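To start, the structure under review is shown below, and the notes come after it.
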Amino acid sequence: MPHPYALDDKSAALTTRTATLADDVVARHSAEVDRNARFPVESVAALGSAGLLGLCVPSDLGGLGQGPRAFCAVAEELGRACASTAMVFVMHTSATQAIISSQSLGDRDALLAEIAKGAHLTTLALSEKGSRSQFWAPVSKLTARGEGFVTNAAKSWVTSANHADSYVTSAQMPDAKSPLESTIYLAHTAANEIRPQPGFDGLGLRGNDSAPVSIENLTVARRDLVSELGKGADTMLQVILPWFAIGTAAMAHGLCRAAVGATAHHLSSTGFEHTGTSLRDLPQLRARLAQMSVRTEASRALLGRALAEIEAGTPEAPLFVLSTRKAALEAALEVTDLALKACGGAAFSRQMPSAPIERLFRDARAGWVMAPTVDHLDDFIGKALTGLPLF
Ligand SMILES: Cc1cc2nc3c(=O)[nH]c(=O)nc-3n(C[C@H](O)[C@H](O)[C@H](O)COP(=O)(O)OP(=O)(O)OC[C@H]3O[C@@H](n4cnc5c(N)ncnc54)[C@H](O)[C@@H]3O)c2cc1C
């Protein structure tokens with residue numbers, strides 16, 4: 001069957017292998033990861049062993065050399081099994097792309113080789129307490145000291161905060177005239193000056209360890225710079241945002257597919273003893289399932305179109321990147337809401353351990369509040385369509 005993201009043979013084979021790993025390993029831990037709000041260590045280790053932490057690292061550095069299409073297909077399979085694991089993977093891969101794009105990072109290729117081996121987990125630490133969801137505008141600053149810089153920051157949310165080996169993070173350049181004059185740098189988490197707060201406790205994605213991190217008097221050397229000084233916004237908008245947007249869209253599609261599958265199974269396998277009918281005999285439940293399926297496939301098709309625009313490097317690609325994230329986040333909200341209504345109290349009360357609608361419902365809600373939120377996306381898309389600059 002053709003894949004909506006138009007995979008070539010190698011990407012399709014990798015996706016099939018990921019689907020098996022997702023079913024055999026990742027899904028096995030997902031309910032307990034959610035219940036105990038703990039990091040999915042087994043699943044992330046399995047991704048590393050399978051080479052998936054180096055999925056999009058160039059093959060001459062030991063990676064699998066895959067592009068955005070395979071990235072989306074893999075994120076979707078993981079999202080189907082455990083959205084927390086998918087989130088860790090999407091943040092890691094988006095941060096890795098920023099590293100790949102760097103012309104200034106010392107030992108960049110050695111770091112990428114470690115990532116490809118599954119020996120180094122990275123993530124994005126952009127959001128700050130002071131600028132909240134407006135991640136493109138860090139309030140933290142680099143101050144020149146000696147040959148390099150020193151910085152302090154209150155990063156508000158960092159996925160994998162207590163488990164990543166490095167953060168791809170941001171600060172204003174020295175003497176910046178605006179927060180948009182930012183710089184992306186790499187912070188190694190072994191540094192004593194970096195302190196993540198333990199114990200993320202959220203409504204959904206409860207295993208993603210998205211904790212606040214305080215950075216105090218951290219020395220940043222020139223060889224730690226991922227972007228040029230003052231060019232951080234370019235890295236954020238041209239590299240990080242596109243990879244993050246398509247990855248989170250695909251992850252949302254994984255949630256949608258899981259909800260469609262679980263709902264179809266519940267409607268077909270559950271019934272009324274006193275009438276001898278099953279839930280699928282009720283037309284409005286079938287209609288809900290139909291709406292869920294159509295909404296899911298429409299959004300997957302839009303991601304397929306966005307991937308084609310990216311690959312062709314068209315001027316419309318940024319618009320499709322923003323649009324596919326918005327469509328997928330909204331699809332995940334609607335599809336999981338319909339799933340709850342179609343499956344009723346059985347879904348609401350956590351009585352469906354093999355068909356975890358209520359976890360999917362909670363996990364789906366994270367995307368909307370994660371920057372760029374749907375509010376930001378609406379504003380950006382409207383600006384792009386009317387020829388206004390995004391900022
Ligand atoms: C599970 C999870 C994982 C995350 N992981 C990471 C991570 O790894 N790295 C990272 O950097 N961040 C991460 N984030 C943080 C995320 O990107 C946002 O910064 C955070 O969710 C913002 O929350 P807030 O309360 O500060 O939002 P606020 O900024 O207070 O927003 C409140 C409301 O105002 C709206 N709003 C704000 N600004 C505008 C605007 N300009 N136009 C229109 N509406 C606006 C928002 O849409 C929202 O509805 C994560 C968030 C979640 C939920």
Side-chain angles (χ1 to χ4, degrees), residues 33-34 37 39-40 44 79 82-98 121-140 153-164 166-171 179-180 182 184-187 189 194 196-197 199-215 226 232-233 235-237 240-241 243-245 247-248 251-252 255 322 325-326 329-330 332-333 359 362-383 388-391:
V33 159
D34 173 66
F39 194 73
V44 175
C82 173
S84 292
T85 303
M87 186 80 250
V88 170
F89 169 75
V90 167
M91 288 299 189
H92 167 83
T93 305
S94 304
T96 299
Q97 287 303 314
L121 184 69
T122 188
T123 192
L124 296 172
L126 301 181
S127 304
E128 296 194 355
K129 193 171 163 225
S131 47
R132 305 186 68 83
S133 58
Q134 299 181 10
F135 66 90
W136 54 88
V139 296
S140 65
K155 295 289 172 182
S156 48
W157 298 74
V158 183
T159 292
S160 312
N162 293 276
H163 294 82
S166 66
Y167 304 155
V168 168
T169 186
S170 55
L180 292 183
S182 63
I184 305 290
Y185 66 95
L186 190 80
T189 57
I194 297 180
Q197 196 172 294
F200 172 69
D201 188 9
L203 174 73
L205 296 190
R206 287 172 55 74
N208 93 133
D209 183 25
S210 187
V213 173
S214 78
I215 299 180
V226 173
T235 303
M236 277 189 241
L237 296 182
I240 295 173
L241 179 61
W243 282 84
F244 172 79
T248 48
M251 177 183 148
L255 284 165
L322 297 169
R325 172 162 160 84
K326 171 181 159 64
L329 301 184
E330 292 183 333
L333 289 193
R359 172 162 54 82
R362 287 185 286 103
D363 285 343
R365 267 130 195 92
W368 205 102
V369 300
M370 197 182 298
T373 67
V374 172
D375 283 335
H376 298 146
L377 293 166
D378 279 339
D379 188 37
F380 292 164
I381 293 166
K383 282 176 170 165
L388 287 172
L390 292 196
F391 303 109

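Numbers for residues simply follow the sequence, beginning at 1. Both counts, for ligands and for their atoms, begin at 1 and track the order of listing. This is a predicted model, so every value here is computed, not measured.
Residues Glu330 and Leu377 fail the side-chain proximity criterion, which asks for heavy atoms closer than 4.5 Å.
Qualifying side-chain contact (heavy atoms from CB on, under 4.5 Å) partners for Ala164, counting only residues two or more places apart in sequence or in other chains: Thr123, Ser160, Tyr167.
A donor-acceptor pair under 3.5 Å is absent between the side-chain atoms of Lys129 and the main chain of Ala154, judged by distance alone.
Ser166 and Thr122 are linked by a side-chain donor-acceptor pair at a separation below 3.5 angstrom, with hydrogens and angles left out of the test.
Residue pairs meeting the salt bridge (charged side-chain N to carboxylate O under 4.0 Å, His left out) criterion with at least one partner in residues 371-383, sequence neighbours excluded, are Lys326-Asp378, Asp379-Lys383. Here side-chain hydrogen bond (donor to acceptor under 3.5 Å, both in side chains) pairs that include residues 88-98, with residues two or more places apart or in two chains, number zero.
Closer than 4.0 angstrom to ligand 1 sit non-hydrogen atoms from Met91, Leu124, Ala125, Leu126, Ser127, Arg132, Ser133, Gln134, Trp157, Val158, Thr159, Leu205, Asn208, Ser210, Trp368, Val369, Met370, Ala371, Thr373, Asp375, His376.
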